[in-house]
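Here's the structure, in structure tokens; my notes come after.
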Amino acid sequence: MSDSIPASVTAEAIVDPQAPQLVGLMRRRLRLADAFRTPGAIVGIVLSCFFLAVAVLADVIASSDPFGFAGPALSAPSALYPLGTDDLGRDLFSGVVHGIRTSVMVAAGVVMLALPVGLLLGSVAGARGGWIDDLVMRFSEIWQVLPRFFLVLMVIALFGPGLDRVVLVLGLTSWALLARIARAEAMTIRERDFVEAARALGASETRILVRHIVPHGLPAVIVYVALLVAQVMLIEASLGFLGLGDPNAISLGYLAAQAQRFLRIAWWMWFFPGVALIGLVIGLNLLADGLSDRIRSGG
Amino acid sequence: MNRRYLARRLLQVPPAVLGILVVAFLLIHLAPGDPILALAGDNGDAAYYAEMRATFGLDRPIPEQLVIFVGNLLRFDLGVSYVQGRPAIDVVLERIPSTLLLTGAALVFSTVVGIWLGLIAGARAHRPADLAINVAALGLHATPSFWLAQLAILTLSLWAGWFPVSGMTNPRSSATGLGLMLDIAHHLILPMIVLASTEIAAVARLTRAGLLDELSRDYVRTARAKGVKEPQVLRRHALRCALIPVATVVGGRVGHLLAGAVLVEAVFGWPGIGRLLLSSVQSRDIPIVLAVLLVIGLTIIIANVITDLVYVRLDPRIRYR
Amino acid sequence: MLRLPLVASIVVLVATACSPSASPSPLVTATPAATPVPSTAPIAGGGGTLAVAIGADPGHLNPAITTSGATHTASELMYNGLVGLDENGAPVPELAESWVIEDQGATYTFKLRPGVTWHDGTKFTSADVKFTFEEVLLKLHARTRSSVGPALDSIDTPDELTVVFRFKQPYAPLLQQLDVTEAPIIPMHLYAGSDPAKNPVNLAPVGTGPFAFVSYAADSEIRLKRNEAYWAEGLPHLDEVVLRIIPETGSQIVALEAGEVDWVWNVPGPEESRLDQDTNIEFLRTDRNPGGSNCVMTVSFNLDRPILKDLRVRQAIAHAIDRQQVVDNILFGQGRVAEAPISSGIPWAHAPGLSVPNFDSSAAATLLDAAGWVAGSDGTRTASGVAGVGDGTPLSLSFLHFPTFSRYGELFRTQLAAVGIELRLQPLDPPVFAETVFTKRDFDTNIISYCNGPDPEIGVRRMFDSAQIGPVPFSNAAGYSDPAVDTLFDQARQTIDTTARGAIYRQIQEAVVAAQPYVWIVETSSVRGYRLPCSGFQAYAQFAQAATCAP
């Protein structure tokens, strides 16, 4: 059944999985950190935790209002304003810190939408097979062929900027990827002894799904969640750069877009938001690599 | 069997494209915004706007407009641009060559450089060159293209003065033939590199992983044991199989490059369909938006079909129903 | 009141395009005759190639069928109006050599310049003028259609070189509405019998202007060459003009510095001070742009909203806004605080010295307290006995703006927060903005760049006229209605004497300042940048007609 899924549907990018029959290949591709496996994973974990802490403690780290006037306009980084100020005299340090928080919140929102839907649909499809499987897979194909960036671009450009819409559209277009992973995992264990044993003991299909199949698929799905989060952050920043950012929430993309006008005058305005974004994405990529190594060596 | 598979895949194309366009049509019409400004400019009076709406059929109910739209679409008529007053498809077709040039060049460039870097890294696995390439790939993969574009303009164009900052040709040159081609190539380099950067990282990672995998196989070990020299091992045995994963992602990369082109065209002032899409969405020039989506959708779907076929050829283990 | 004789007041004008005018009046007094050749002018041609950066693809190159700034920027070099406007806004001859105003300003007779030809060699005649107005401008040029259209009775062409405009009542602003921006003349022989909006000539235009069309590559570049047969002797100097489309202002500046282009239409404030160091780059400051002139950034209040019906709340907001900060931090000096509703770019109508609310937080707080908006412990104000508003409702207002004006929103949000008003920003693309504000009227406040144009009748009346509340984009956004003000606008339109007319506009401005349906923030100006050795530009219209790039 699964052989009929075209490779192109799943081969969206390096971070996307191959068709299920290529699970081995898919895992090989992720071995980025081979050369410095442990150090890479450590850097990933440290970076991710650092940015998560910044996001959670944003109000403590940068207590000044990112929208408030802090000092003279366009001052270069100094002891008083570690990352400088923007054209309205607002503290860029506070802007970047709260921008990281926004990026993390958008990503968290997308994950909260995509993860349950993807995990559940994928697990059910993989565990039950048959027409349910066919239905879920056909449906997820549609979502994967649609170029996600264009869809988000259209929705935001047409309906106006807003973080809620970004979360909604990215969430709705991201579950399909996770569902495919969860499905592949579910298929590998649905016939295994302990599942059969549970069935023999009279456990309901729902119980088997919840107790065995979903938890089994979770680790593999989490790897892709980390990569998905990195992608979401890049897309959100790109939208901001195209002038489609939400001015009611400071975000890294919005900061980068506003810096456009001051490219030659205030290098700090475009430099620091970009560096923060790159740090976030690198951290998440390394984290995902580390996780996939763990799963492989553990499984 | 492959022929049947191809026929089935090709038959899926028209409904998929129609679906994308109908969804886009509804999305645009349900969204707020009145294209009348694009049609008529500001400072008009109410009667004038009503006349213009009627001329372009915008006064009819949306279901009726949708029926008309689909009917025209089946006759390959995408309507007339509100801004330019000429057939939308003409406007879009004019822009295709430049986007094709940009994305095509970036596709070739990223494939060649990516495979090259991936092979170096794979062949020298766990050594300094490998480490350097890995770190660079990781960094490139994480860098937003608009940020890289700004960096490239500031350093390579403004400070070093090596490349022009925007456009496709030098306004002062009236060169034709070879001179014009060289001029375009000079303008192409920077946007191409920026657009290709993320893909280079992806291809390099894939190639490296594929190569390492093949090198660990028994037949390679045997060849080595027989005393075959390392470059030959690489060329003769490992390369072909290592490249299968690279080939399988080409379809997806076309989509990525087209999306990336929207940003890169905006920064470098490259006259392609990405910029056309952005400006048309902003002015609600609906016929143009739909025509651009048609072109993009078709390109991505066809790229995917080709990928699947290449994949089947490369790897005899795979069979499609 | 009128100082003009009842039967005929004949004012003949023969002047050069470069002569300074003493009186910035719509009714032009005679100026000394002069040859149209500047005395120091070198012979025509040999000026080299000028590369110009423009920000958007024009789509087509027919300025008569649209008011779009992109089309006008790209095409005005190829066309002429009947008259031009000098630096003070006074009319100077272009296709019309002279004119006579009769019947207190209800009849305008233009004598056309003889010997003018279209770029394709065809002779230009009065029939072209009549055709352009009747079939194109009065149907498709939004501003000319809505202002000249209703007032006009007929256009007659007694001979090939005479055009007579007859109005139903005296119509004062006409001479301000005949330049290449408001009324470019297009060739009848190429447009007659076709739909002008879809005529292919729009993409390969033929005009009478200083430069003729060569080629147009969509979204890339437009090439023009010198019009060898241009009517102004000795002009133009440039051999070739190339308009390059570069969408980002930042990229345009970079291209200017790199020498890839010689002229940019807009140097942003922060870049201006940086480029000042570059001895090869010069600036030209102006309030006039191809898309509209004398623009005033204006905050509108939706007067239908209960919160904003209270004059005290509107005045409080006006007091809470620090407009100097807009000039300093958003415009970087490229503009002035607006002292009156009508721009100072129309000096005879501008009314300085009115009691426009200045920046005063404590006055704002007092007004809000009085209006029943009580500040809570965190500074946010809530309603307490405000008519039409439930007690406890927070003082929170939506603020709609084009994405390009987001900095205004961010600045006002912080300024208003200081007096306890919350502003929720809503960036909207122009088509959505127009629909939301003018059709649905779903907003509390917004910001619009209202361009006054060369005459208040063109760009000011629409903001206050009670007949212009409704679904027409960029009309009366506030929903302001005062019959007395409507009547005053009618009077002003029919008053030919500038001083008398100015006095009426002063009355209007006093009334609307007292009612405060808008807050007039800043008058914006633009700074053109050009690169030596190119020189000899004017800031608007056929900006490069006297320019040269020869060292």
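A, B, ... follow the sequence lines: proteins, then strands. Residue 1 opens every chain.
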Less than 4.5 Å to any heavy atom of chain B: does that hold for the side chain of [X], its backbone, both, or neither?
X	answer
C:Lys139	backbone
C:Ala258	neither
C:Ile245	both
C:Ser475	neither

Please look at [X] and chain C and tell me whether the side chain, the backbone, both or neither of the residue comes under 4.5 angstrom of a heavy atom of that chain.
X	value
B:Val91	neither
B:Ala31	neither
B:Gln282	both

* Measuring from C:Asp57:CG to B:Arg95:CZ, what's the distance to the nearest 0.5 Å? -> 5.0 Å
* **C:Asp429/B:Arg284 salt bridge by N-O under 4.0 Å criterion** => yes
* Check B:Met168 against C:Arg244 and note the closest heavy-atom contact, atom names and distance. => N-NH2, 4.4 Å
Counting heavy-atom pairs under 4.5 Å to chain B, which of [options] comes out on top?
options	value
C:Glu257, C:Glu435, C:Gln252, C:His141	C:Glu435
C:Leu428, C:Thr439, C:Asp262	C:Asp262
C:Thr71, C:Leu203, C:Val52, C:Asn202	C:Leu203

* Asked: Sub-3.5 Å donor-acceptor pair from the side chain of C:Glu260 to the main-chain atoms of B:Val165, do we have one?
  -> yes
